[in-house]
2 protein chains.
Amino acid sequence: MPRSPSKTRPITIKDVAQLAGVHASTVSRALNPATRSMVAQDLAASILRAAQKLGYQPDHLAASLRTGRSLLVGVLLPDIANPVFAPILSGITERLIEDGYSTIVADAGPGAPSATTLLDGLIAHRVDGLVLATATRDDALVGRCLERNVPVVLVNRAEAQARVSAAVSDDMRGMQLAVDHLVGLGHRRIGHIAGPPTLSTGLLRLRGFEAAIRDQDTPLESFSQSATAYSREAGAEAAGRLLAAAPQITAIVAANDLLALGAYDALRERGLRCPEDISVVGHNDMPLMDLVAPALTSVRIEHRAMGREAAELLVQRMRRADASTRMVMLTPRLVVRGSTAAPRPEQR
Amino acid sequence: MPRSPSKTRPITIKDVAQLAGVHASTVSRALNPATRSMVAQDLAASILRAAQKLGYQPDHLAASLRTGRSLLVGVLLPDIANPVFAPILSGITERLIEDGYSTIVADAGPGAPSATTLLDGLIAHRVDGLVLATATRDDALVGRCLERNVPVVLVNRAEAQARVSAAVSDDMRGMQLAVDHLVGLGHRRIGHIAGPPTLSTGLLRLRGFEAAIRDQDTPLESFSQSATAYSREAGAEAAGRLLAAAPQITAIVAANDLLALGAYDALRERGLRCPEDISVVGHNDMPLMDLVAPALTSVRIEHRAMGREAAELLVQRMRRADASTRMVMLTPRLVVRGSTAAPRPEQR
DNA sequence: GAGCACGCGGCAATCGGTTGCGAGACCGAA
DNA sequence: TTCGGTCTCGCAACCGATTGCCGCGTGCTC
């Protein structure tokens, strides 16, 4: 079937070549700033004019086939619905677009195909690199990328063996800030709601909590329970276990804001008030944490900056295959709000 | 430079063909379920085995060049950081992946290139379709897609001329729910914080508010002020104007939860209590709105479902170029929480 | 037994840019 | 005038998969 002449066929480089009276290869060189010097200046200018006139739009796809570079970067998220990933994603795309990359987002959230399937899908699109936010501590996905030879960095979570670069928050330091704050207020019996131990943040924050407890001058009692997931429900459930096992605690440090909000639910359910009966500290300082009741004291992580850093690491790795693998650690800071207070005198 | 033999070159269809002892085209047919019947069953099976053995992964990119279908869909968001877009995006990707599409996300948030630039970038990647969440009421972007002949649907916001399909919430109905609720509680003087009038939600919700006011049996006083953006700050500012212009109001209906939260800020600043002095109703029912203080009464929109619907419309449009353009309206429902109450007797 | 239809699979063109290589033009120097 | 060098551009292969077309062989029918 002959192409209907009325339907506007997309303009190709050949159309431009014809109008400019040159060969397609010359057009290609003139259009690419990097190779433009290979073409006489005035000719290049007239080619640009021809392209402009026709409204030529380059086709990355075709170029990719030849160059091997797709200008696409895959981002694998554990769950878009989790509010912390929005700013991370934002930071990633913001940085990548500076180098001309677009981002393909794959969400491994509930109801989605397996992360491995999603990863293969991204690779099938020939992404030039990958940002993984899903990495559990030892992650088969990383290995898969490595053997396929596609550049990869981690964000928010690191892996046990540091095979690839990662941008993370200093979780040890974050927990130290939280514990210091509580101890400064007079708390001596502190509980921790840990994240899933399979996730690097879960483990590191637990370790950070324990280290922070040990580092205090005053002897403390500490307790911890792991949540099965980073969700409000899991937080409430773990908080229930924690309060049952150690009813004497006067403060709870949660590994995550959602867990902290779950702790709110558990406290309310048991008729306990925050901060009068129990202080609560979160982690991440998600948006709106200043508006919940009570406003949540939380360890603030600059997620947007973290996304940018991850993208930066990836760009370096994509530019040079032998770029050193690094771990960028962002320093968190504590934002004190209404959910923490000194324990009541009789609680001491 | 000869390719180093140690570096594992990606497996192509030719490698599979060689191992299976057939031509590449036969491999292509055997691998594609749609064309598999053109190959003898046992041969197809042995080709599949060969592909399996080599760990062959198809290359969408190359296929796209020939077929003209990239299996990529572009999603243009006004601002990833806005929490309502996370579930929308989630719904979109979830639906699209069922048909094998991946999504390229472009964020037109602050600091990003212009939406037009982003759109051109997406088109350069030869996306098979586009979901626009950025559409202002009359949108040049839509025209651009139309003239480039790329399928496009809108989500969350519709355009004045219904040139393309859209999935939106029934904003008129949402405002009616909000006003009915307040009137039922006894409110007679109601203020509205409208969204930017350039956005379809801003305008439609304002109209919906006005219509809902008119439709009441009892005569009401109403007032409204437009916010300059959908943000907490703009909400606080507009609420300030509203309270200055009409101090007698006993309730505020905001076009958006963030605006409602801004209203909280403005009330607090003026020493007014919610709901005792002024009731507040939001719109969207974002996550965590049950945890802010006071818990926000809000018009709930199923954003995830909306995303799915938009994707569904796009899939239909991509399958058949002549698919009818439709507008899918999701029915919102009111979630009553602590931010609304009957006005005090002396306020009547 | 000859002819025909059909199932199957190979050949080669194709998608739209990119790039190694070489040809031709032009200039300056010997 | 000739030769070498440089600058500019065209030619054609190439990236990897898809697909229209054709030929071969088998089996069926008359």
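The basis for the numbers below is simple: all heavy atoms, side chains too, and nothing from hydrogens, waters or symmetry mates. In what follows, every chain begins at residue 1, and chains take the letters A, B, ... in the order their sequences are listed. Keep in mind it's a predicted model, so treat the numbers as computed, not measured.
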Roughly how many Å is it from NZ in B/Lys14 to C1' in D/dT18, rounded to a whole number?
-> 13 Å

With sugar-phosphate meaning primed atoms plus P, OP1 and OP2, does B/Val22 contact a base, only sugar-phosphate, or nothing at under 4.0 Å between heavy atoms?
-> sugar-phosphate

Expected output: side-chain B/Thr35 to main-chain B/Arg29 donor-acceptor under 3.5 Å | yes

Please walk me through it: do A/Leu119 and A/Leu130 pass side chain to side chain contact (heavy atoms under 4.5 Å, CB included)?
-> CA-CA 9 Å; A/Leu119 185 74; A/Leu130 279 161; 3.5 Å; yes

Nucleotide of C/dT18, D/dG16, C/dG17 approaching A/Thr12 most closely (side-chain heavy atoms) | C/dG17

Nearest-nucleotide pick for A/Thr26, side chain only, options being C/dG10, D/dG10, D/dA17 | D/dG10

Side-chain contact check for A/Leu65: nearest option of C/dG9, D/dT8, D/dG16 is D/dG16

Nearest to the side chain of B/His23, which nucleotide is it out of D/dG10, D/dG16, C/dC11?
-> C/dC11

Rounded to whole angstrom units, what separation is found between the CZ atom of A/Arg126 and the P atom of D/dC15?
-> 11 Å

Over how many whole Å does the gap from B/Asn32 atom CG to C/dC8 atom C1' extend?
-> 17 Å

Short question: side chain of B/Asp128, backbone of B/Leu71 - any donor-acceptor pair under 3.5 Å?
-> yes

Against the side chain of A/Arg66, the closest entry in D/dC11, D/dA13, D/dT19 is D/dA13

Whole-Å distance, B/Ile13 CD1 to C/dC15 P, equals 19 Å

Do NZ/NE/NH1/NH2 and the carboxylate oxygens of B/Arg308 and B/Glu98 come within less than 4.0 Å?
-> yes

Would you indicate, yes or no, if D/dA17 has its OP1 or OP2 atom less than 4.0 angstrom from a side-chain nitrogen or oxygen of B/Tyr56?
-> yes

Check the distance between D/dG10's P and A/Ile47's CD1 and give it to me in whole angstrom.
-> 8 Å

Quick note, B/Ser25 side chain, CB onward, closest among D/dA12, C/dG16, D/dT19 is D/dT19

Hey, does the side chain of B/Thr93 reach the backbone of B/Leu89 with a donor-acceptor pair shorter than 3.5 angstrom?
-> yes

Starting from C1' on D/dG16, measure out to CG on A/Leu61 and report it in whole angstrom.
-> 11 Å

Check: A/Thr67 side chain, D/dC15 base, donor-acceptor under 3.5 Å | no

Please determine, for the side chain of B/Val39, which listed nucleotide (D/dC15, C/dG9, D/dT18) has the closest atom?
-> C/dG9

Side-chain donor-acceptor pair under 3.5 Å between B/Thr201 and B/Arg157, yes or no?
-> no

Just how far, in rounded Å, is C1' of C/dT14 from CG of A/Asp59?
-> 14 Å

note: B/His60, atom NE2; D/dA17, atom P; distance rounded to Å ~ 11 Å

Report which part of the nucleic acid A/Ser37 touches: base, sugar-phosphate, or nothing (heavy-atom distance under 4.0 Å, all strands).
-> sugar-phosphate

Determine whether any donor atom in the side chain of A/Arg29 lies under 3.5 Å from an acceptor atom in the base of D/dG10, or the reverse, and answer yes or no.
-> yes

Using a cut-off of strictly less than 4.0 Å, decide whether B/Ser28 has a side-chain nitrogen or oxygen near OP1 or OP2 of D/dT18.
-> yes

Using the closest heavy atom to pick a nucleotide of DNA chain D for each, name whichever of B/Pro58 or B/Met38 lands nearer the 5' end.
-> B/Pro58

